[in-house]
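As structure tokens, the structure follows; a few thoughts come after it.
Chain naming here is simple, since letters A, B, ... match the order of the sequence lines and numbering starts at 1 in each.
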Protein chains: 4
Amino acid sequence: MKQVKSRVKDTRLVDEKRKRIVDGAIKVFTKKGYHKATVRNIAEASGLGLGSIYDYVKSKDDILYLFYQNYMNSFYAKLNSADIQLEDDPKKRLLITYRAHIDVCFELEDQVMLAFTQARYMKKRYLKDILTREAEIVAKFKEILLEIGLSDGEADLTANNLVSSSAFGVLRRWNLKGKHTREEITDFLCDVNLKSAMER
Amino acid sequence: MKQVKSRVKDTRLVDEKRKRIVDGAIKVFTKKGYHKATVRNIAEASGLGLGSIYDYVKSKDDILYLFYQNYMNSFYAKLNSADIQLEDDPKKRLLITYRAHIDVCFELEDQVMLAFTQARYMKKRYLKDILTREAEIVAKFKEILLEIGLSDGEADLTANNLVSSSAFGVLRRWNLKGKHTREEITDFLCDVNLKSAMER
Amino acid sequence: MKQVKSRVKDTRLVDEKRKRIVDGAIKVFTKKGYHKATVRNIAEASGLGLGSIYDYVKSKDDILYLFYQNYMNSFYAKLNSADIQLEDDPKKRLLITYRAHIDVCFELEDQVMLAFTQARYMKKRYLKDILTREAEIVAKFKEILLEIGLSDGEADLTANNLVSSSAFGVLRRWNLKGKHTREEITDFLCDVNLKSAMER
Amino acid sequence: MKQVKSRVKDTRLVDEKRKRIVDGAIKVFTKKGYHKATVRNIAEASGLGLGSIYDYVKSKDDILYLFYQNYMNSFYAKLNSADIQLEDDPKKRLLITYRAHIDVCFELEDQVMLAFTQARYMKKRYLKDILTREAEIVAKFKEILLEIGLSDGEADLTANNLVSSSAFGVLRRWNLKGKHTREEITDFLCDVNLKSAMER
DNA sequence: AATGAATGAGCATTCATTCAT
DNA sequence: TATGAATGAATGCTCATTCAT
């Protein structure tokens, strides 16, 4: 993970302020997208002075990267939670992992949209880093699928599909909202995307 | 479909120049995204003078809308092609329609990425229009699924899933490129996403 | 001579506008120095819109370089004037060349001050270019001195001294103004700095 | 001499810290010039905390003034040294004074460049003060020249010329370095600029 | 109809200075 | 006395849009 440089050295302070910056940025990015969001907007939304932002971040680019780091962390935290790790049966573990992933997507609705749409604006070296972290999540799924007995090729495609399809409810919310509940959608996704793995 | 206003009145001319503008814009948008693309860039890429752009389009926003119109038309053209319409068996029609949709996604790879990521930057009234057109494509799938015998709820979710999943190979090209062929991916998608419909 | 890039291609126009920019810049630089001069100030002083400046110049740095080019040209023009070139006797040619150089310094008083004090702010590659052009002027003096019969070492030191001392009246104007006329100063300089060469 | 105000009252402490500030500032100014040097840079270079600078100095301007005071003091110290004062013969005194002045210039090479180029950035009232101090040095030379028998006008011009020409080796170091030794240059300057005074 | 020169609003970023600790 | 976190005014530069030719 690349380290974002900061003028301020006190780690505690840096973490706290960056949290505020990211939270503010999410609000602004959600409303306007990365480009139309001005650093001033973000400063206001995070309750910091314009200049102070630059004590914790070297450029606007860094804020986007900070967002992605925070975003990926949310998935890591959930997928590494105790109850998932403890499940021995790979099929059951696959199911709860997938549902957990879908859950996070629903909970971070706006962030999922941002993550999907703003990636292109990240600096190359940052993007590479984030894609690497995402690949680790795919690997988690693939590992379970191999355990269940899928071939490497199948496992790879399926793992990618699981990660990708989790966002279905969010990416198509415009079409689905009001017609289908979150639970309905989750069940549908599990049904469709886990079927072949479960039948092994 | 909203009409984009143009200073020039000769329809033939307008169509030809707009085609060039959209083609140029796609190149530039693909490289830089909508925001970083300047109207100058687009003018150069399309072989028009900077000022001339504004004879065929009222603002930069219009160019994005023009792109989306062109993009949606590509899907319409393919999904309305004779051989699909002529197929009587709904299951077979479903299959070839889905494959056709996936095909277009692979062919318009860059445009699919653009469509997914730049939608937020369209003016509200334009966005609504494009979403309506997209809904028509979903409706096409839903219609076949109802014919096959799915309930309205199932058909709706499934239709959305088919349209959404078609872009899988493109949206995750970073992870899939080099490991899986286009055909493999297509077969995998058909297998996973059409299974329950086919089993009716 | 490095070429400053310009968006506008019409040479006639570029020359005219750049002339205005340099003239405006001299006024502003003279009052505030390079750094405190804002591009906005320069735009106003030259009667151009802020944005237009950047049609003729790529950055503020370029304006400084343009000034130095213009400054060096003034010396070239004077030192290459017909009456100087036609003089056959090297001692006489030395005298009129030196007086001409001093003359230009007095005439371009403000520019001389700028040239002396702002050089450090030029981009390295530009600075090198300007120093090369200045070296050519020194070489002009050296050539005459060699013709008169000075050794290479003497000629080199003397040539540098002549170029350097020409600005005496300007660099010390704070102390000399009101006490000594321009002619007095010129005669004094010729007396002191040409004496040994003339005595050969 | 204008007094720079300081929040701290302990004179001993003030002097010591200001010395460090000036020393640090010279390093930074030399590398970047006054304007590009940030107070942070100076704080780091002088080993003080950013805020502490403002305990000893009221503004960045003051630091520049402090530099000039320190710079002028270097000349005073040298020109008032015992062996110069003790010399009775005015011609000999003139010679050793001029050589001493040239010596200081060579030794304070970087500071000489700074002094020449950054004067414009000093606050008016400070600049006036420094120019007054410089005038005192000119007066020292003038006094000797009058003693030797030059007219007031000659003495004034010559005195200014001596002070001004001392920096020749430094101001033109780009052209002279590698070709002429410090001694050669010094001898040359004495030869040229003292000749008429010595011939009285 | 076609062109590109002109414009200024808008933005990221820097930095002198203040002030709470 | 010493420190450095906080601030926002100020500035270089970009770019959509207009308009004279």
Open item on the list: Considering only residues two or more places apart or on different chains, which pairs with a residue in residues 48-58 of chain D satisfy salt bridge (charged side-chain N to carboxylate O under 4.0 Å, His left out)?
Closed with: D:Arg7-D:Asp55
Open item on the list: Using the side chain to side chain contact (heavy atoms under 4.5 Å, CB included) criterion, which residues pair with D:Leu66? Sequence neighbours excluded.
Closed with: D:Val4, D:Arg18, D:Val22, D:Val57, D:Gln69
TODO: May I ask you to list the residues of residues 47-61 of chain D, by number, that have any heavy atom positioned under 4.0 Å from an atom of DNA chain F?
DONE: D:Gly49, D:Leu50, D:Gly51, D:Ser52, D:Asp55, D:Tyr56
Open item on the list: Please identify the 5'-most and 3'-most nucleotides of DNA chain F with any atom under 4.0 angstrom from a heavy atom of chain C.
Closed with: F:dT11 to F:dT14
Task: Test side chain to side chain donor-acceptor pair (under 3.5 Å) applied to C:Asn73 - qualifying residues, sequence neighbours left out - done: C:Arg133
Task: Interatomic distance, A:Arg7 CZ vs E:dT13 C1' [rounded to whole Å] - done: 11 Å
- [ ] State the dot-bracket string of DNA chain F. Criteria: Watson-Crick or G-U wobble, both atom distances under 3.5 angstrom; notation: ( ) intrastrand, [ ] crossing earlier pairs, | interstrand, . unpaired.
- [x] .||||||||||||||||||||
Side chains of residues 35-47 of chain B: which donor-acceptor pairs under 3.5 Å do they make with residues two or more places apart or in other chains?
{"residue": "B:Thr38", "atom": "OG1", "partner": "B:Arg40", "partner atom": "N", "Å": "3.4"}
{"residue": "B:Thr38", "atom": "OG1", "partner": "B:Asn41", "partner atom": "N", "Å": "2.9"}
{"residue": "B:Thr38", "atom": "OG1", "partner": "B:Asn41", "partner atom": "OD1", "Å": "3.1"}
{"residue": "B:Thr38", "atom": "OG1", "partner": "B:Asn41", "partner atom": "ND2", "Å": "3.3"}
{"residue": "B:Asn41", "atom": "OD1", "partner": "B:Lys32", "partner atom": "NZ", "Å": "3.1"}
{"residue": "B:Asn41", "atom": "OD1", "partner": "B:Thr38", "partner atom": "N", "Å": "3.0"}
{"residue": "B:Ser46", "atom": "OG", "partner": "B:Ile42", "partner atom": "O", "Å": "2.7"}
{"residue": "B:Ser46", "atom": "OG", "partner": "B:Ala43", "partner atom": "O", "Å": "3.3"}

Task: Set of side chain to side chain donor-acceptor pair (under 3.5 Å) partners for A:Tyr34, sequence neighbours left out - done: A:Asp61
Task: Residues within residues 20-40 of chain A bordering DNA chain E, heavy-atom distance below 4.0 Å - done: A:Ala37, A:Thr38, A:Val39
Open item on the list: Tell me every residue that passes side chain to side chain donor-acceptor pair (under 3.5 Å) with D:Tyr121, counting only those two or more places apart in sequence or in another chain.
Closed with: C:Gln118
- [ ] Return the set of residues passing ring-ring contact (aromatic ring centres under 6.0 Å, His included) with A:Tyr65 (not counting sequence neighbours), or none when no residue passes.
- [x] A:Tyr126
TODO: Using whole Å, report how far OH of D:Tyr121 lies from P of E:dC15.
DONE: 15 Å
Task: From A:Lys27 atom NZ to A:Asp23 atom CG, the distance as rounded to the nearest 0.5 Å - done: 6.5 Å
Open item on the list: Using the salt bridge (Lys or Arg N to Asp or Glu O under 4.0 Å) criterion, which residues pair with C:Lys31? Sequence neighbours excluded.
Closed with: none
TODO: Answer yes or no: is there a donor N or O on one side and an acceptor on the other, between the side chain of A:Tyr68 and the main chain of A:Ala119, under 3.5 Å?
DONE: yes
TODO: To the nearest 0.5 angstrom, please state how far the CG atom of B:Leu108 sits from the CG atom of B:Asn70.
DONE: 8.5 Å
Task: B:Arg120 (side chain) donor-acceptor with A:Thr30 (main chain) under 3.5 angstrom - done: yes
- [ ] Can you measure from CD (D:Glu134) to CG (D:Leu131) and round to the nearest 0.5 angstrom?
- [x] 7.0 Å
